[in-house]
J.: 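First the structure, then my questions, so here it is.
Residue numbers count from 1 along this sequence. FYI, side chains are in, hydrogens and waters are out, and symmetry mates aren't considered; it's all heavy atoms of this structure.
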Amino acid sequence: MSEEIMNIVDRSRAALKQIENYSQEQVDALVKIIGKVVFDNAELFARLAVEESGMGNYEDKLKKKYGKSRILWHSLKGKQSVGILSRNEVTGITEIAKPVGVVGAVQPCTNPIVTPMANAMAAIKGRNTIVVTPHPRTASCTKLFVDMVHDAWKHLAPPDDILLCVENPTIESTGELMKLVDVVVATGGPGMVKAAYSSGKPSFGVGPGNVQCVFDSDIDIAEAVSMVITGRTFDNGIICSGEQSIIMPAAMRADVEKELKAQGVHIIDSAEEKAALAAYTFPNSHISKDVVGQPIASIAAASGVSIPEGTKIIAVSVDNDDTDSVFRKEKMFNSVALFSYDSFDQAVEIVNHNLSMEGKGHSVSIHSHNTDHIEQLGSSVKASRVMVNAVSATTTGGSFNNGLGPTSTLGCGSWGNNSISENFTYKHLLNITRVAMPLKDAVVPSDEELWG
């Protein structure tokens, strides 16, 4: 065990004792500042995130920092997380919040500012301390974020060690950290998530995305296409909740394709172009790291696929009989797969087959005004979230326009080998003591009443 990791966890644990009696007001003042630092410095952080990661684009990273800092603080503001949470006169149960302890949070290079911001806000909301371990590729901007939070906290005089950053992260040091902390939050690739669950500590991980998007027959095609393009192109396609397909009624296909082309989507149908794109983007059937978050023009050029100038997305037509197509998987660049269905049951089958290849447990999307179809999809797919008539990429992690918990960590349930099937929030970082009072008027039923 390295001395650096043991020291940083010891410091975090000492700080935990210093804040164990903080009031709700003290906690909330700290949490607010974390979000405000990102909001106030969004331009700097967006630029650094692009420069260090080499992924995504400045404009969307800027939107993400402005948007997520606002929605996170809005969701946490006024929420009780210290002391008595509730008293239930009917059940006689009083719930009292306690910290879970030192949180170790593994950060992805695709989201080096927003994920540590969200994790830190969730952890400190519950009077926990947190050690973030960034991806080595983006360690500098994550460390800068932590240092700037410390500076902004000075007037409140909290112990700086309630939020710490591993400065020289490695795979080995991250593994060591996960064994020493009390709770692990792992937002990253499947290998890192598996390591978190193997650490021997309670862990919250995520699964890969592969959001299948169903078009119903009653929609405004132009509006739905616009939403898919917005979601698929956001941050050059690196968002795990970004739309990956359009599964449409066969009778609507010509109209949908016409609208796709009108809105800047290039559709490839030929076997030669599909093979060329697949060979470059999915060598050995696994996505190439060289295409993740890269501009679609450069991907097309490297693949040998000719696209018009100004193309936003490459859409690939996939035959329903081509059950092993790599384009059924998560594409972390600006591309979608196109499928047709004759019945809504068949649409659900396509969704489930694609999720079985990758992304099971994450999320699906539907554009529809048919409640029966929406609920059928929700009842029939192995996904933790069904996004309705929305831009999945920017709303699955919580939005002012839906009731999902704002987060950057999306649980995928047992389907995705995760411990939760909901959005990870501060509530998952609370230990709750339940005080059970005797019920004054409790009635014990007779055996005849029970079993008769």
J.: Would the number of heavy atoms belonging to other residues, nucleotides or ligands and lying under 6.0 Å from NZ of Lys32 be above 12?
T.: no
J.: Output yes when a side-chain donor or acceptor of Asn389 lies under 3.5 Å from a complementary backbone atom of Ser368, and no otherwise.
T.: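 Present.
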J.: Hey, can you tell me if Tyr341 and Phe344 have their rings parallel, tilted or perpendicular (30° and 60° cut-offs)?
T.: perpendicular
J.: Between Ser380 and Gln376 (side chain of the first, backbone of the second, donor and acceptor by atom type, cut-off under 3.5 Å), is there such a pair?
T.: yes
J.: Show me, pair by pair, the donor-acceptor contacts under 3.5 angstrom made by side chains of residues 103-119, not counting sequence neighbours?
T.:
unit_1 : atom_1 : unit_2 : atom_2 : d
Gln107 : OE1    : Asn119 : ND2    : 3.4
Gln107 : NE2    : Ala105 : O      : 2.7
Asn111 : OD1    : Lys64  : NZ     : 3.2
Asn111 : ND2    : Thr115 : OG1    : 3.0
Thr115 : OG1    : Asn111 : O      : 3.4
Asn119 : ND2    : Thr115 : O      : 3.4

J.: Would you check if the side chain of Arg232 reaches a backbone N or O of Phe333 as a donor-acceptor pair within less than 3.5 Å?
T.: yes
J.: Quick check: does any side chain N or O of Thr142 sit under 3.5 Å from a backbone N or O of Ala139, one acting as donor and the other as acceptor?
T.: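 Here the side-chain-to-backbone pair does not exist.
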J.: Hey, is the main chain of His373 close enough, under 3.5 Å, to the side chain of Asp216 for a donor-acceptor pair?
T.: no
J.: Can you find a pair of side-chain heavy atoms, one from Glu4 and one from Val166, that are under 4.5 Å apart?
T.: yes
J.: Say whether Glu223 and His367, considering side chains only, have a donor N or O and an acceptor N or O under 3.5 Å apart.
T.: no
J.: Could you tell me which non-hydrogen atom of Lys79 sits nearest to which non-hydrogen atom of Tyr426, and how far apart they are?
T.: CB-OH, 3.4 Å
J.: Given side chains that start at C-beta, do those of Val31 and Trp73 come closer than 4.5 Å, heavy atoms only?
T.: yes
J.: Where do Tyr280 and Ser303 come nearest, in terms of heavy atoms and distance?
T.: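 Nearest heavy atoms, Tyr280 then Ser303: CD2-OG, 3.2 Å.
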J.: Distance-only, no hydrogens or angles: does the Asn423 side chain make a donor-acceptor pair with backbone N or O of Thr407 under 3.5 Å?
T.: no
J.: Got a salt bridge between Lys258 and Asp255, using NZ or NE/NH1/NH2 to carboxylate O under 4.0 Å?
T.: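 So Lys258 does not pair with Asp255 through a salt bridge.
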J.: Other residues, nucleotides and ligands only: do more than 12 of their heavy atoms fall within 6.0 Å of NZ on Lys329?
T.: yes
J.: Locate the shortest heavy-atom distance separating Gly378 from Val386; write the atom from each residue and the value.
T.: CA-CG2, 3.9 Å
J.: Flag the pair Ser335 / Val316 as yes when at least one side-chain heavy-atom distance between them is below 4.5 Å, and no otherwise.
T.: yes
J.: Does Ala222 offer a backbone N or O that forms a donor-acceptor pair with the side chain of Gln263 under 3.5 Å?
T.: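 Between the backbone of Ala222 and the side chain of Gln263 there is a qualifying donor-acceptor contact (under 3.5 Å).
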J.: For Ser419, does its backbone N or O pair with a side-chain atom of Tyr197 as donor and acceptor, under 3.5 Å?
T.: yes
J.: Taking all atoms of both residues into account, what is the closest heavy-atom pair of Leu410 and Cys240, and its distance?
T.: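 Scanning both residues, the minimum pair turns out to be CD1-SG, 3.8 Å.
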J.: Going from OG1 on Thr396 to CG on Leu404, what distance comes out if it is rounded to the nearest 0.5 angstrom?
T.: 7.5 Å
J.: Check the side chains of Ser365 and Glu243 for a donor-acceptor pair under 3.5 angstrom, ignoring hydrogens and angles.
T.: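 No, Ser365 and Glu243 have no side-chain donor paired with an acceptor closer than 3.5 Å.
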J.: How close do Val37 and Phe45 get, counting heavy atoms only, and between which atoms?
T.: O-CE1, 3.8 Å
J.: Is any NZ, NE, NH1 or NH2 atom of the basic residue among Lys61 and Asp235 found under 4.0 Å from an Asp or Glu carboxylate oxygen of the other?
T.: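 Yes, this pair counts.
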J.: Checking side-chain polar atoms at under 3.5 Å, does Arg253 have a donor or acceptor matched by the opposite partner on Ser340?
T.: yes
J.: Are Phe282 and Val291 side-chain neighbours, meaning at least one heavy-atom pair lies under 4.5 Å?
T.: no
J.: Consider only side-chain N and O atoms of Glu52 and Thr138, and report whether a donor and an acceptor are under 3.5 Å apart.
T.: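 Not at all, the side chains of Glu52 and Thr138 share no donor-acceptor pair under 3.5 Å.
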J.: Might you point out which heavy atoms bring Arg127 and Leu16 nearest each other, and give the distance in Å?
T.: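 It is O-CD1, 3.5 Å.
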J.: Please confirm whether the backbone N or O of Ser226 pairs with a side-chain atom of Thr230, one donor and one acceptor, at under 3.5 Å?
T.: yes
J.: Please walk me through it: do Ser241 and Ser363 pass side chain to side chain donor-acceptor pair (under 3.5 Å)?
T.: CA-CA 7 Å; Ser241 54; Ser363 310; over 6 Å; no
J.: Between His353 (side chain only) and Thr323 (backbone N and O only), is there a donor and an acceptor less than 3.5 Å apart?
T.: yes
J.: Crowded around Ile171 CD1? As in, over 12 foreign heavy atoms under 6.0 Å?
T.: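 At most 12 heavy atoms, drawn from other residues, nucleotides or ligands, come within 6.0 Å of this atom.
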J.: Between Phe145 and Cys165, is the side-chain contact (heavy atoms from CB on, under 4.5 Å) condition met? List the steps.
T.: CA-CA 9 Å; Phe145 155 70; Cys165 178; over 6 Å; no
J.: How about Asp28 and Gln24: does a side-chain donor come under 3.5 Å of a side-chain acceptor?
T.: yes
J.: For Asn352 and Gln212, does a side-chain donor sit closer than 3.5 Å to a side-chain acceptor?
T.: no
